[in-house]
Student: 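Let me give you the structure first, and then I'll get to my questions.
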Amino acid sequence: MKSAVVVFPGSNCDRDAYTTLRDVGLNPSYVWHGDSSLPDGLDVIVLPGGFSYGDYLRCGAMAARSPIMREVIAYATKGGHVIGICNGFQVLCETGLVPGTLMRNRHLKFNCHNTNLRVESNDSAFLSGYKKGQVVNFPVAHAEGNYFADADTLKRLNDNGQVALRYVDAAGKPSDEGNPNGAVENIAGITNEKKNVLGLMPHPERHADPELGGSDGRILFESVLKKFAA
């Protein structure tokens, strides 16, 4: 198994992602944003969290136009598996690999705390290790995680089972109480139509070891490993 973590100027969760990929056996390497090619034989690419290019213009807008992203887009278009976490989700939206956009949190404050999430669809390599409807706990850390899409796009996401994760309260129900940023329909993560690209605001790599306060996120990376080891 081989994986890669793309590093942009301002990435700050690249090492967390690398460590988790390494620990589950996905043999990661780093890829620099200015590179013009990807390593051969990759099974999955991670776009990590952080503040790529200082979040200038819009979050993820400049990173989406970096040289390596041309290769990542081509890789995903051919069916390659890509995960975008937090800033990586913003980059995915800016490339058009997943629909919608991420706006400022509704309270205009930076979020940094644990969230409850409900697995809405486990029909992808990323979430196949979870049960549909299972409530898990991942941390969030963002100022612009307020997911928005128009009504037609939301209908398409729901009809196609592309809503991967929703924010929920302690009882496992979508509610304002459980929604940390005002995301439309409490959406925390989505896939593309082919379900080979996942974007999510919460950080599974920060809950991938009990010593970090939780290990629910590790299952996501183990699911990818099982997909390609099968």
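The structure presented is a predicted model; accordingly, all values stated were derived computationally and were not measured.
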Student: Do you know the tightest heavy-atom contact between Ser37 and Val31?
Tutor: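 For Ser37 versus Val31, the nearest heavy atoms are O-CG1, 4.4 Å.
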Student: Indicate the atoms forming the closest heavy-atom contact of Ile45 with Tyr75, along with that distance.
Tutor: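 Shortest heavy-atom contact: CD1-CD2, 3.4 Å.
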Student: Hey, does the side chain of Asn111 reach the backbone of Pro180 with a donor-acceptor pair shorter than 3.5 angstrom?
Tutor: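 Yes, because the side chain of Asn111 sits within donor-acceptor range (under 3.5 Å) of the backbone of Pro180.
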Student: Supply the atom-to-atom distance Asp14 CG to Ser52 OG, rounded to the nearest 0.5 angstrom.
Tutor: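 With rounding to 0.5 Å, CG (Asp14) is 11.5 Å from OG (Ser52).
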Student: Would the number of heavy atoms belonging to other residues, nucleotides or ligands and lying under 6.0 Å from CZ of Phe110 be above 12?
Tutor: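 Counting other residues, nucleotides and ligands, CZ of Phe110 exceeds 12 neighbours.
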Student: Can you check whether Phe89 reaches Ile190 side chain to side chain, under 4.5 Å on heavy atoms?
Tutor: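 Phe89 reaches Ile190 side chain to side chain.
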Student: Evaluate side-chain contact (heavy atoms from CB on, under 4.5 Å) for His81 paired with Asn196, printing each intermediate quantity in order.
Tutor: CA-CA 5 Å; His81 286 73; Asn196 62 302; 4.1 Å; yes
Student: Identify which one of Glu205, Arg206, Glu144, Met201 satisfies the side-chain contact (heavy atoms from CB on, under 4.5 Å) criterion when paired with Cys86.
Tutor: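 Testing Cys86 for a side-chain contact (heavy atoms from CB on, under 4.5 Å) against Glu205, Arg206, Glu144, Met201 leaves exactly one candidate, Met201.
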Student: What heavy-atom pair brings Leu127 and Ser121 nearest, and what distance separates the two atoms?
Tutor: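 In this case the closest contact between Leu127 and Ser121 is CD1-O, 3.4 Å.
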Student: Is Ile73 reachable from Leu47 through a run of I, L, V, M, F, W or Y residues, each pair having side-chain heavy atoms under 4.5 Å apart?
Tutor: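 Result: yes, single cluster for both.
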Student: Please find the pair of heavy atoms, one from Ala149 and one from Gly100, that lie closest to each other, and give the distance.
Tutor: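 Taking every non-hydrogen atom into account, CB-CA, 4.2 Å.
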Student: For Leu97 and Ala76, which heavy atoms make the closest approach, and how far apart are they?
Tutor: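 Result for this residue pair: CD2-CB, 3.9 Å.
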Student: Has the side chain of His33 got a donor or acceptor atom that lies under 3.5 Å from a matching backbone atom of Pro9?
Tutor: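 No; judged by distance alone, with no hydrogens or angles, the pair does not exist.
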Student: Is there a donor-acceptor contact under 3.5 Å linking the side chains of Glu185 and Asn158?
Tutor: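 Per modelled atom types, Glu185 and Asn158 side chains form a pair under 3.5 Å.
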Student: Students often mix this up, so state it plainly: with edges at 30° and 60°, are the rings of Phe8 and Tyr53 parallel, tilted or perpendicular?
Tutor: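 Aromatic pair Phe8/Tyr53 classed tilted.
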Student: Give the minimum heavy-atom separation between Lys227 and Ala125, together with the two atoms involved.
Tutor: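 Nearest pair, atom of Lys227 first, then Ala125: CG-CB, 3.7 Å.
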Student: Quick check for you: to the nearest 0.5 Å, what is the distance between Arg65 atom CZ and Glu94 atom CD?
Tutor: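 One gets 6.0 Å once the value is rounded to the nearest 0.5 Å.
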Student: Quick one: does Thr115's side chain have a donor or acceptor within less than 3.5 Å of a partner on Phe138's backbone?
Tutor: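 Checked: pair present.
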Student: Taking a hydrophobic cluster as the set of Ile, Leu, Val, Met, Phe, Trp and Tyr residues connected by side-chain heavy atoms closer than 4.5 Å, whether directly or through intermediates, do Val44 and Tyr30 fall within one such cluster?
Tutor: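 They do share one cluster, since a chain of ILVMFWY contacts under 4.5 Å joins Val44 to Tyr30.
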Student: Name the residue from Val140, Asp176, Asn116 that meets the side-chain contact (heavy atoms from CB on, under 4.5 Å) definition with Tyr167.
Tutor: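 That would be Val140.
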Student: What I'd like to find out is whether the side chain of Cys13 reaches to under 4.5 Å of the side chain of His203, using heavy atoms alone.
Tutor: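 When only atoms from C-beta onward are counted, His203 and Cys13 do touch, with a gap below 4.5 Å.
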Student: Applying the 4.5 Å side-chain criterion to the ILVMFWY set and letting contacts propagate, would Leu165 and Leu154 be lumped into a single cluster?
Tutor: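 Looking at the clustering, Leu154 is in the same group as Leu165.
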Student: Which is it for Leu200 and Ile83 under the side-chain contact (heavy atoms from CB on, under 4.5 Å) test, yes or no, and what are the steps along the way?
Tutor: CA-CA 8 Å; Leu200 71 167; Ile83 309 172; 4.0 Å; yes
Student: Donor-acceptor pair, distance only, cut-off 3.5 Å: does the side chain of Asn87 make one with the backbone of Ser11?
Tutor: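 Pair absent, no side-chain N/O of Asn87 close to backbone of Ser11.
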Student: State the CG-CG distance between Leu198 and Leu220, to the nearest 0.5 angstrom.
Tutor: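 It comes to 6.5 Å.
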Student: Has Arg15 got more than 12 heavy atoms of other residues, nucleotides or ligands less than 6.0 Å from its CZ?
Tutor: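 12 or below, so no.
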Student: Look at the side-chain heavy atoms of Ile, Leu, Val, Met, Phe, Trp and Tyr, link any pair under 4.5 Å apart, and say whether Met103 and Phe51 land in one connected group.
Tutor: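 No, Met103 and Phe51 fall in different hydrophobic clusters.
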Student: Would you kindly say whether Asn181 and His142 are connected by a side-chain donor-acceptor distance under 3.5 Å?
Tutor: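 Looking only at side-chain atoms, His142 and Asn181 do form a donor-acceptor pair, the distance falling under 3.5 Å.
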Student: For the side chain of Asn192 and the backbone of Val98, is there at least one donor-acceptor N/O pair under 3.5 Å apart?
Tutor: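 Between the backbone of Val98 and the side chain of Asn192 there is no qualifying donor-acceptor contact (under 3.5 Å).
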Student: For the backbone of Ser3 and the side chain of Asp43, can you confirm whether one donor and one acceptor N or O come within less than 3.5 Å of each other?
Tutor: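 Not a single qualifying donor-acceptor pair exists.
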Student: Same cluster or not: Val135 versus Leu117, using hydrophobic residues (I, L, V, M, F, W, Y) connected whenever any side-chain heavy atoms lie under 4.5 Å apart?
Tutor: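 They do not share one cluster, since no chain of ILVMFWY contacts under 4.5 Å joins Val135 to Leu117.
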Student: With a 3.5 Å cut-off and no angle check, do the side chains of Asp216 and Tyr130 form a donor-acceptor pair?
Tutor: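 Judged by distance alone, the side chains do not pair up.
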Student: Rounded to the nearest 0.5 Å, what separates atom NE2 in His207 from atom CG in Leu212?
Tutor: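 Spacing of NE2 (His207) from CG (Leu212) equals 7.0 Å.
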Student: Does Lys195 use its side chain to pair, donor to acceptor, with the backbone of Gly161 at less than 3.5 Å?
Tutor: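 Pair found, side chain donor or acceptor close to backbone of Gly161.
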Student: Report yes if the side chains of Met69 and Val72 come closer than 4.5 Å at any heavy-atom pair, otherwise no.
Tutor: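 Answer yes - side chains close enough.
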Student: Under a 4.5 Å cut-off applied to non-hydrogen side-chain atoms, are Leu38 and Ile68 in contact?
Tutor: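 When only atoms from C-beta onward are counted, Ile68 and Leu38 do touch, with a gap below 4.5 Å.
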Student: Look up atom CG in Leu92 and atom CG in Leu102, then write down how far apart they are to the nearest 0.5 Å.
Tutor: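 Between Leu92 CG and Leu102 CG, I get 10.0 Å after rounding to 0.5 Å.
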Student: Any side-chain to backbone donor/acceptor pair from Lys2 onto Asp40? Under 3.5 Å, distance only.
Tutor: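 Flag set: sc Lys2 to bb Asp40 pair under 3.5 Å.
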Student: Just so I know, are the side chains of Arg22 and Asn27 near enough to count as touching, which here means a heavy-atom distance under 4.5 Å?
Tutor: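 No. Closest side-chain heavy atoms not under 4.5 Å.
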Student: Check this for me: Phe148, atom CZ, are more than 12 non-hydrogen atoms of other residues, nucleotides or ligands nearer than 6.0 Å?
Tutor: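 Open: at most 12 neighbouring heavy atoms sit under 6.0 Å from CZ of Phe148.
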Student: Could you give the distance from CG (Asp150) to OG1 (Thr101), rounded to the nearest 0.5 Å?
Tutor: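 Separation between the atoms: 11.5 Å.
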Student: Report yes if some heavy atom in the side chain of Asp209 is under 4.5 Å from a heavy atom in the side chain of Ser215; otherwise report no.
Tutor: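 In short, these two side chains do not touch, never coming nearer than 4.5 Å.
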Student: Run Glu71 and Asp35 through side-chain contact (heavy atoms from CB on, under 4.5 Å) and show every step you take.
Tutor: CA-CA 9 Å; Glu71 300 303 311; Asp35 290 352; over 6 Å; no
Student: Looking only at atom types and distance, does a side-chain atom of Asp169 sit under 3.5 Å from a main-chain N or O of Ser175, one as donor and one as acceptor?
Tutor: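 It does not hold such a pair.
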